[in-house]
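Heavy atoms only: backbone and side chains are in, while hydrogens, waters and symmetry mates are out. Labels below follow one simple rule: chain letters A, B, ... track the order of the sequence lines, proteins then strands, and each chain is numbered from 1.
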Number of protein chains: 2
Amino acid sequence: MTDDSVATTGRTVPPLTPAGRRVLDAASGLFYREGIHAVGVDAIAAAAGVTKKTLYACFGSKDRLVAAYLAERDDRWRDWLTSWVREHAPAPAERLPATLDALAHWLDREAPRGCAFVNALAELPSPDHPGHAVVVAQKRWMLDYFTGLAADAGHPDPDKAAAGFMLLHEGVSTVAGTGVLPDAAGHAHRMAAGLLTA
Amino acid sequence: MTDDSVATTGRTVPPLTPAGRRVLDAASGLFYREGIHAVGVDAIAAAAGVTKKTLYACFGSKDRLVAAYLAERDDRWRDWLTSWVREHAPAPAERLPATLDALAHWLDREAPRGCAFVNALAELPSPDHPGHAVVVAQKRWMLDYFTGLAADAGHPDPDKAAAGFMLLHEGVSTVAGTGVLPDAAGHAHRMAAGLLTA
DNA sequence: CCTGGAGTATACGGACCGGTGAGCTTACCA
DNA sequence: TGGTAAGCTCACCGGTCCGTATACTCCAGG
């Protein structure tokens, strides 16, 4: 097994068979839109055009399929965020605010129901669930990423700036899921400006 | 029916029988800790020491029991928040920041898994579910409450200030559910200071 | 006294849950 | 040519889901 694909998360993912690929794609859409507990394995298999037998041959259990869904979504998000920042914010000082622009576009295109990891955590209270650790790791990576960007920008207290952006990111994605505050990202952007000039 | 109890939400709640009271208490704890879909009506009835027959006589369906859980929790939160602010922040200018202190204590005492309404929304994507409207109303009330406090404090742009506090509140409660950022409320407090002096 | 609401106990129904067993076809590759 | 892996069909498992039915007890109020 030397040809496992390695993503930015550092996780190694065994390559999927074509049927396994369809299962994960179908599961990702259903889990995000309907919720994890609300979607049964029969519905996933049917949507993927695959038998349950194949689903279990590829993933072993529903819990592990959930973890795979979260891990792959985390991969996609990290790739999207980091490459957005690389392309749209060449100067170190512009990078932290640019993460909010990336988030706004992501929410618009890929996450109308808010943060998939927060939503998943709402359904997975037990730390024993294989998906739980994926969610916590995602949030921890976010915080570390912000800390690095703040340090690159020469911020006097990178930890404090990172904490502030963490709060803004979570606030924006949560509020976006409710629809009560249009242009949440815009408000966050203005608050970030105050945070960085102070 | 002239003696319905009326809470700060303006909702009228038909008075519950003793058994109905036990059902709602049991359901509230289980729904919040385990998640809505993860808890069955049999478990709720057993925890309340009540027959399913009684549960259905009092609430009609699981969906309506979920809505009652959310509505009552919203009542409790509004009472807690408004009375906290009344007692701890007599001066209008102190009231908006004081909401973050109230939130910190509430999370510590009543909401270790973060915002119950956000968690519920993660499990109730359909706007047809009776609980969906309760969640959206809760968020809208929060925004209106902040707007009022900002206006009382003489803030030049109350809507902008309210949006900022909305983001901070959602950010703090979401982050609290993940455990990756200790003292999230403290960080929010410092950001709020910058927001209000600017 | 007796009626009716609140509650009990037990059981059932049909659907769906996650998960498995046995055996078949297809296609690639040595 | 033959082996092997991927995937398929069909059937099945025990358990749980929400919701209902029948029948009995208790107790306060008119």
### Task
Give the rounded distance in Å between these two atoms: NZ of A/Lys62 and P of D/dG15.
20 Å

### Query
Between B/Glu34 and B/Arg113, does at least one N-O distance fall below 4.0 Å, as a salt bridge requires?
no

### Query
Rounded to whole angstrom units, what separation is found between the CG atom of B/Asp42 and the C1' atom of C/dA11?
13 Å

### Message
Rounded to whole Å, how long is the line connecting atom CD1 of B/Ile44 with atom C1' of D/dT16?
### Response
14 Å

### Message
Under 4.0 Å from OP1 or OP2 of D/dC8: is there any side-chain N or O of A/Lys53 that close?
### Response
no

### Message
Using a heavy-atom cut-off of 4.0 Å across all strands, would you classify B/Thr51 as base, sugar-phosphate, or nothing?
### Response
base

### Residue whose nearest DNA chain C nucleotide is more 5′ - B/Pro18 or A/Ile36
B/Pro18

### Query
OP1, OP2 of C/dG19 versus side-chain N and O of A/Lys52: anything below 4.0 Å?
no

### Message
For A/Arg21, is there an ion pair with A/Asp25 - N to carboxylate O distance below 4.0 angstrom?
### Response
yes

### Query
Quick one: is D/dC18 close enough that its OP1 or OP2 comes under 4.0 Å of any side-chain N or O from B/Ser61?
no

### Message
Less than 6.0 angstrom separating the ring centers of A/Trp84 and A/His105, yes or no?
### Response
yes

### Query
When all nucleic acid strands are considered with a 4.0 Å heavy-atom cut-off, which category describes B/Gly60: base, sugar-phosphate, or nothing?
nothing

### Query
So, are A/Arg76 and A/Glu110 salt-bridged, with charged N and O less than 4.0 Å apart?
yes

### Query
What is the distance from CG of B/Leu65 to P of D/dC17, rounded to the nearest Å?
14 Å

### Query
Relative to the 5' end of DNA chain D, which residue comes earlier, B/Val41 or A/Arg22, by the nucleotide with the nearest heavy atom?
A/Arg22

### Query
Could you state the CG-C1' distance from B/Leu55 to D/dC17, rounded to the nearest angstrom?
14 Å

### Atom-pair distance (OH on A/Tyr56; P on D/dC13), nearest Å
17 Å

### Query
Are B/Ile36 and A/Val118 connected, step by step, through hydrophobic side chains (Ile, Leu, Val, Met, Phe, Trp, Tyr) whose heavy atoms are closer than 4.5 Å?
no

### Message
Applying a 4.0 Å non-hydrogen cut-off, can you work out what A/Val39 is touching in the nucleic acid: base, sugar-phosphate, or nothing?
### Response
sugar-phosphate

### Query
Could you give the CZ-to-C1' distance, from B/Arg64 to D/dC18, as a whole number of Å?
14 Å

### Query
Under 4.0 Å: is that the gap between some side-chain N or O of B/Thr17 and OP1 or OP2 of C/dG7?
yes

